[in-house]
Amino acid sequence: MKYRPDIDGLRSVAVLSVLLFHAGFKHFSGGFVGVDVFFVISGYLITRIIHDEVLETKTFNFSNFYVRRARRLFPALFFTLALSGIFACLLLSPDYLKRFAGSLIWAIASVSNIFFWRESGYFDADSGFKPLLHTWSLGVEEQFYLVWPVLFVFLLLKAPKFTALITVFIAGVVSFYLNHVFLGGELSVLSKLSPGVAAWFADGASAIFYLMPFRVFEFAVGASLVWLIKYQPKNKMLLEPLVAIGLAMIAYAVFTYTEDTVFPSYNALMPCIGAALVIYSGTARHVGRLLNNPAAVGVGLISYSLYLVHWPIIVLYRYYKLDRLTFREQWIIMAVCIIAAVLMYRFVERPFRRRTNTSLSPRRFGTVCVMSALVIILPASVLRANNGWESRFNNKSAFISIDEITTAGEKRFQYYLESGRGCNITDLAHCNKNADMQILTFGNSHELDAYNALTSQYGQRNNINIISFGSSYGCGFKLEKGRVINTINNSQLHCSYRADMLNNEKFISSLDIIAFRAYKPLSWGEGLMEILEHITKTHKHINTIFFSGYFGVRPYRCSDIINRFGNSSYCKEPRFVEYFAGNDKDKILNMPMARTNFLYVDEVGLFCDGSLLKNCLTEISGVPAFYDGDHFSVEFSKLLGEKMRVLYSDELSMMGL
């Protein structure tokens, strides 16, 4: 296949978009679509290579194909993984190092996309501290390489003419349709066949982002060009506007998409079709110079190395600094990434790209790859088995271990377990239905903090029954036409049943109090507040206790900040605080539902002298307020309950408490 410098130029557009996005340049908020441009390029090139070889030789050498792929991908990947592992051991906390070790093992096996899919979403709070997160795309590509060549060669050799093209089209349509089906997690058919498997895909947005079947349509867009490119217009001037339109479509996605954009789904069509137009018409004489000039081609040549090294450099530096990058640092990191990529391309990637007389034979190269993989996997396994090498920090008095963090997380649920008094809305048979006072705690993942606070004060009273609604996370509750509906059918969380309970007038009318707690109630909990207001309108005599939410630490976790500085007071430094609930008080108190039967529990007032962030409590008896970014430890929930009961004794008495 004839070399096309414009495709390397398109690679430069893709990798620079990703680099600028990851470096934090706000105008490149959609730079993540550069990965999708790479998928289109791969779909075209791989399909073209196979297509041309089969038509020319009437056969296909799978051995040569996979050896070329291995030479192209593995040396630079293994080098990046090994170097990242060394710096991760020097910098990361035990918890993050343990997670890193797991991702390292999965990346070696080319399935890190599955690892990150099962662990969390791409844009979650911890994603910025996963040095190998970007390898998910390599996993997708390598899985595509395993499936597509075998199927495509069979179709070209055994099936009637154009069957391969039709298959590409059908595969793309099916993949695109699956994006729509799985996006909301509503898998009724799969739920009936296998509720357990259906639960895996409850977070549909994460599934369609990470998993290969949902990305096939992007590869298919590129693969279809193998046939379409034969029908370029004879008048080459017609290619000029097509290149411009294609680049404009990619630019539109790069500059306008954000982390909140539904992706890939239909939004991926913009950059993918744009990339396809560029490949189709990239040989244009004039506009094509934007891509085939020496600078663009040069960046394109190092694009793979640049993609590999940039994210570990950014993540590890940000973790080391423990602060946001300045504008100057962003540019310095850009330069460092490019220099590192040039060196890796020159001394690692390029020497292995093509076999020469002095290079390793395929057999020896395979042996070296296996040995290199073992050299990386074995230490990673030891790190994971030994809780991220905690002994590095044993001489630190304030050190918080992985076991302590895990225990603290599990302890938040202790009131469900202690004395069999835990009452959950999904198991009302274990609740005290005959109690005079019925209380429902409601909200997002912070609902449990309200439950723990109330249970610590009133849980032992036989005349009071406190029901936990449970976290809304993993479900899709929203108010529509006067009813609560659920958009994510997660059978493990009983989402549909819980939505029905909020519509059950008999159940709602049996409640005396609804206690609400949500992190960022005016944004993250806005939809839940609409449901809360709907309930208070339906049951006009119900009392509402609204917990304010305190402050939140992001993207760093309080436990990491404590481990770095040895003091929980650093958790409330403004550079680490993402949210301060005191700013929401007036807005919440001015809402219609706050006019009657409403108690606003001002946690900022309870825990922060003078309502000032610098005076906020961050620990009690040596136990941090929170181990992650914002969820209360049990000890702090109990303190919240105690302070609330004293300060709001009159208001609570009027509610019957």
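Here, residue 1 is the first one in the sequence, and each next residue gets the next number.
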Evaluate side chain to side chain donor-acceptor pair (under 3.5 Å) for S548 paired with E603, printing each intermediate quantity in order. CA-CA 6 Å; S548 68; E603 296 179 24; 4.5 Å; no
With heavy-atom distances below 4.5 Å as the criterion, would you say the side chains of Y627 and K411 are in contact? no
Would R517 count as a cation-pi partner of F632, with NZ or CZ less than 6.0 Å from the six-membered ring centre and within 45° of the ring normal? yes
Ring centroids only, cut at 6.0 angstrom: are F607 and F636 within range, meaning strictly under it? yes
Please confirm whether the ring centroid of Y177 lies under 6.0 Å from the ring centroid of F217. no
Using a 3.5 Å distance criterion without hydrogens, assess whether the side chain of H631 forms a donor-acceptor pair with backbone atoms of D449. no
Taking all non-hydrogen atoms of both residues, which atom of Y519 and which atom of G552 are closest, and how far apart? OH-CA, 3.4 Å
Look at D95 together with R99 and state whether they make a salt bridge at an N to O cut-off of under 4.0 Å. yes
If you define the side chain from C-beta out and look only at heavy atoms, does anything of F507 sit under 4.5 Å from I467? yes
Verify the distance criterion only: is there a donor paired with an acceptor across the side chains of Y210 and E119 at less than 3.5 Å? no
Report yes if some heavy atom in the side chain of Y556 is under 4.5 Å from a heavy atom in the side chain of F129; otherwise report no. yes
Can you tell me if N615 uses its side chain to pair, donor with acceptor, with the backbone of D609 under 3.5 Å? yes
Any donor-acceptor pair under 3.5 Å from D602 side chain to K585 backbone: no
Is the count of non-hydrogen atoms from other residues, nucleotides or ligands lying under 6.0 Å from F598 atom CZ greater than 12? yes
Student check: side-chain heavy atoms of L138 and S112 closer than 4.5 Å: no
SG of C558 to CZ of F626: how many Å apart, nearest 0.5 Å? 5.5 Å
Any donor and acceptor pair, going by atom type alone, linking the side chain of N387 with main-chain N or O of D403 inside 3.5 Å? no
Using a strict cut-off of less than 4.0 Å between a Lys/Arg side-chain nitrogen and an Asp/Glu carboxylate oxygen, indicate whether D584 and K520 qualify as a salt bridge. no
Sequence-distant partners of H539, ring pair (Phe, Tyr, Trp, His ring centres under 6.0 Å), two or more places apart: none
Got a second to check how far S568's OG is from I620's CD1, nearest 0.5 Å? 12.0 Å
Verify, without hydrogens or angle tests, whether Q143 (side chain) and G139 (backbone) share a donor-acceptor contact under 3.5 angstrom. yes
Does the side chain of I466 come within less than 4.5 Å of Y451's, by heavy atoms? yes
So, D512 versus Q438: side-chain donor-acceptor pair below 3.5 Å or not? no
Side-chain donor or acceptor of N486 paired with backbone N/O of G476 under 3.5 Å: yes
Side chain T258, main chain G30, donor-acceptor under 3.5 Å: no
Are any of the side-chain heavy atoms of N179 and Y266 separated by less than 4.5 Å? no
In short, A581 meets Y600 closest at the heavy-atom pair O-OH, 4.2 Å
Is there a donor-acceptor pair under 3.5 Å between the side chain of R384 and the backbone N or O of K98? yes
For a 4.5 angstrom cut-off between non-hydrogen side-chain atoms, does I545 reach M655? yes
Could you check whether F477 and F469 have their ring centres less than 6.0 Å apart? yes
Between R498 and L493, is there a donor-acceptor pair closer than 3.5 Å when you use the side chain of the first and the backbone of the second? yes
Would N424 and T426 count as a side chain to side chain donor-acceptor pair (under 3.5 Å) here? Give the steps. CA-CA 5 Å; N424 191 295; T426 60; 2.8 Å; yes
Mind listing the closest non-hydrogen atom pair of C571 and I561 along with its distance? N-CG2, 4.0 Å
Do S468 and E447 meet the criterion of a side-chain donor-acceptor pair at a distance under 3.5 Å? yes
d(L511 CG, K506 NZ) to nearest 0.5 Å is 13.0 Å
Got a second to check how far L528's CG is from L502's CG, nearest 0.5 Å? 9.5 Å
Which atom pair, heavy atoms only, marks the closest approach of S175 to P213? OG-O, 2.7 Å
Measure up the F263 and Y257 rings against each other and bin them: parallel (under 30°), tilted (30 to 60°), perpendicular (over 60°). perpendicular
Pick out which of F32, W106, F209 makes a ring pair (Phe, Tyr, Trp, His ring centres under 6.0 Å) with W136. F209
Just how far is it from atom CD of Q457 to atom OG of S637, taken to the nearest 0.5 Å? 11.0 Å
Do the side chain of N465 and the main chain of K433 share a donor and acceptor less than 3.5 angstrom apart? no
Counting C-beta onward and ignoring hydrogens, is there a side-chain heavy-atom pair between N543 and L599 closer than 4.5 Å? no
